[in-house]
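The block underneath contains the structure these notes are about, expressed in structure tokens.
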Amino acid sequence: MFNSSLRPGRLAFPFALKSAAALSHPSLAFSLHAAASKVSLDLDSFVRTSLADMYVKLGFLDCALKVFDETPDSHRAGNVLLWNVVLNGLCRDGDVERARELFDVMPERSVASWNSLVHGLLKRGDLDGAVELFEGMPERNVVSWTTMVAGLSRNGDNQRAVWMFDRMLENEVRGNEFTVAAALSACARMGALESGLRVHEYALANGFRENGAVGTALVDMYSKCGKIECASEVFDRMERRDVLTWTAMIMGWAIHGHWRKAFQCFEDMKCARVKPDDGVFLAVLMACVHSGKVEKGLELFDSMRFDYQIEPTMKHYTCIVDLFGRAGRLQEALEFMKAMPVEPDFVLWGALFSACRAHKNIEMAELAAENLLRLKPSHSGGYVFLSNMYSSARRWDDAEKVRITMKDQSVGKSPGWSYIEIRGQTHCFYAGDRSHPQSNEIHNKLEGLVLRAKEQGYEPDRECVLHDIEDEDKEDSLECHSEKLALAFGLISTADGEEIRIVKNLKVCGDCHSLMKVASLICGREIVLRDNKRFHHFNSGVCSCGDYW
DNA sequence: TTCGCACAAT
């Protein structure tokens, strides 16, 4: 081709370069670039853009920047495309400062230029910066809105993410599959069923049912909103399911405590010839953790390594330690940790610590706490853990020492909170919270409930006091755990017999768990509580977790 | 003839 007198390169090069990128073929990329230079076609505007784009896609940002830098200003000025390629490359690489500099001097900007920078800011967690830029955009398209919904949600601001979705619709911008999947994910993360249902309706009305990402997001949304049967229905109706879909379903069964269903689903997946990955193994292992199936979990762990050649990650190791730990087999948990080929991280020591606390093994707890503090001296978790541990053992002096150390180092604790969605509105409560407008009513309701519960044999459990607060007045504080406030608010805000759904950011304490059980009985209500690990469905005085959590 | 932006599980 290069020897031909026709020199068709000008038209052919962009396509050839695109292919080199698609094939992830660096040597082809370099020789094409050399060939283009030889016939001076690398000066062509179209070819330059394709070259830069190819290098970005292959991960050679330096080469893309070189192409850009060597382009004369006169050529750079009507070519927004070349600027966008480089801008996006910098954002993806995490170099937002340089992206911003480039953005500021661009001769012309398209919506995509703005979108790229907004995405870059969101990716590094600069929510305020992203929102400011977004609000100042001269024009927004569906990608702009989707970027915000997804980015806010991934950074934990799910309420604002759903609000963005609603605002998009108010602005009469039509969402697509990407937008809907992102919005559903935000609803899932915060357990907002009413919002999730609304997005589901929108998806149906717009014909997004066939989309795989939307389907998976729906399964996940229903599962995380406590509606595991609905998740299962959506799952059954799906025509195509990839490994992510199966994982969402298996994880759903796992967090709701249906281990048989989780195992069956895993078998069905293998029969459907979907190749298991590390994530789906994590989901089935989670089913074992929540149901105390230790031997089954170990069997799966071995199968993963030997039958599927999947290398365990720290999360898998944590699952196994959790599995032993919750079952009270602490020595085996510790031995497993010692035999691991990698050093245990903070989360893993945390799992061991929780197990030690639950099974009252102070010596091992001290070992775990030492490591927690060593790995993250500024993290409050280690201190809170240790202080709680000593309190449980009635070693008040030691507990006090830890708390003083904590104050000296001005370590802040992450507070416990719970929320409840009432008619599409989310109400959040902190431990001992009195800021809600109906606070008096809520506290009165709670007092009455506790009195009636005591008649039914409920006894406040003092050991849970320091779970997420540091109040001295124990009995009082116990009644103020955030999930209890959410429950009381739920009881006065919904009709008799209506189900109550609460989401909590920490593991539910033993005392609240007991009260919820009794409350479900005396109020004749199903109470669905999602804590940071799993679901508890309280019904007629019994919890679906079988008191194993 | 070139580009660009956003989605689902752990």
Side-chain angles (χ1 to χ4, degrees), chain A residues 8-18 21 41 44-54 56-57 64 68 79-89 91-92 106 109-120 122-123 137 140-151 153-154 161 164-165 168 175-189 203 208 211-221 223-224 231 234-235 238 241-252 254-255 269 277-286 313-316 318-319:
Chain A
R10 188 160 184 262
L11 298 175
F13 267 113
F15 289 111
L17 295 166
K18 212 175 180 176
L41 274 175
D44 179 79
S45 183
F46 287 95
V47 177
R48 288 196 95 82
T49 307
S50 304
L51 273 170
D53 179 49
M54 175 185 72
V56 166
K57 285 185 177 143
F68 177 76
N79 198 355
V80 205
L81 280 65
L82 178 60
W83 287 82
N84 278 344
V85 167
V86 178
L87 181 71
N88 192 240
C91 288
R92 276 208 246 173
M106 278 174 84
R109 297 176 193 124
S110 66
V111 196
S113 325
W114 292 82
N115 289 345
S116 286
L117 196 58
V118 169
H119 185 229
L122 286 166
K123 200 181 155 188
M137 282 174 75
R140 302 179 193 112
N141 62 12
V142 63
V143 178
S144 324
W145 291 98
T146 308
T147 305
M148 288 307 290
V149 174
S153 169
R154 210 171 301 119
M164 274 288 172
F165 180 77
M168 178 189 81
N176 58 24
E177 289 91 338
F178 289 73
T179 328
V180 165
L184 285 170
S185 176
C187 299
R189 286 178 175 133
F208 300 146
N211 183 272
V214 171
T216 302
L218 277 170
V219 169
D220 189 49
M221 183 277 287
S223 147
K224 296 227 174 83
V234 172
F235 179 83
M238 282 175 72
R241 309 178 186 105
D242 64 10
V243 70
L244 266 59
T245 320
W246 288 94
T247 306
M249 192 65 245
I250 294 170
M251 190 56 94
I255 59 177
M269 183 190 94
D277 67 359
D278 60 324
V280 79
F281 269 104
L282 212 51
V284 237
L285 282 174
M286 212 59 96
T313 67
M314 194 60 82
K315 285 178 180 164
H316 296 92
T318 308
C319 262

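Since we're looking at a predicted model, the values are computed, not measured. Lettering of chains follows the sequences in order, A, B, ..., and the numbering in each one begins at 1.
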Show your reasoning for whether side chain to side chain donor-acceptor pair (under 3.5 Å) applies to A/S116 and A/N84.
CA-CA 8 Å; A/S116 286; A/N84 278 344; 5.9 Å; no

Is it true that a side-chain atom of A/K315 and a backbone atom of A/L282 form a donor plus acceptor pair closer than 3.5 Å?
no

Reading nucleotides 4-10 of chain B from 5' to 3' and marking B where a protein heavy atom lies under 4.0 Å of the base, S where only the sugar-phosphate is that close, and - otherwise, the string is BBBBBBB

Please determine whether a side-chain nitrogen or oxygen atom of A/K18 lies at a distance below 4.0 Å from atom OP1 or OP2 of B/dC3.
yes

Strictly by modelled atom types, are A/N115 and A/N141 linked by a side-chain donor-acceptor pair under 3.5 Å?
yes

Could you tell me whether A/F165 and A/W145 have their ring centroids closer than 6.0 angstrom?
no

Could you point out which residue of A/T49, A/L17, A/V85 forms a side-chain contact (heavy atoms from CB on, under 4.5 Å) with A/M54?
A/L17

Whole-Å distance separating the CG atom of A/D44 from the P atom of B/dT2
12 Å

Salt-bridge present (A/R48, A/D44; N to O < 4.0 Å)
no

Contact class for A/F15 vs. all strands (heavy atom < 4.0 Å): base, sugar-phosphate, or nothing?
sugar-phosphate

For B/dT2, does the base pair up with any side-chain atom of A/S50 as donor and acceptor (N or O, under 3.5 Å, distance only)?
no

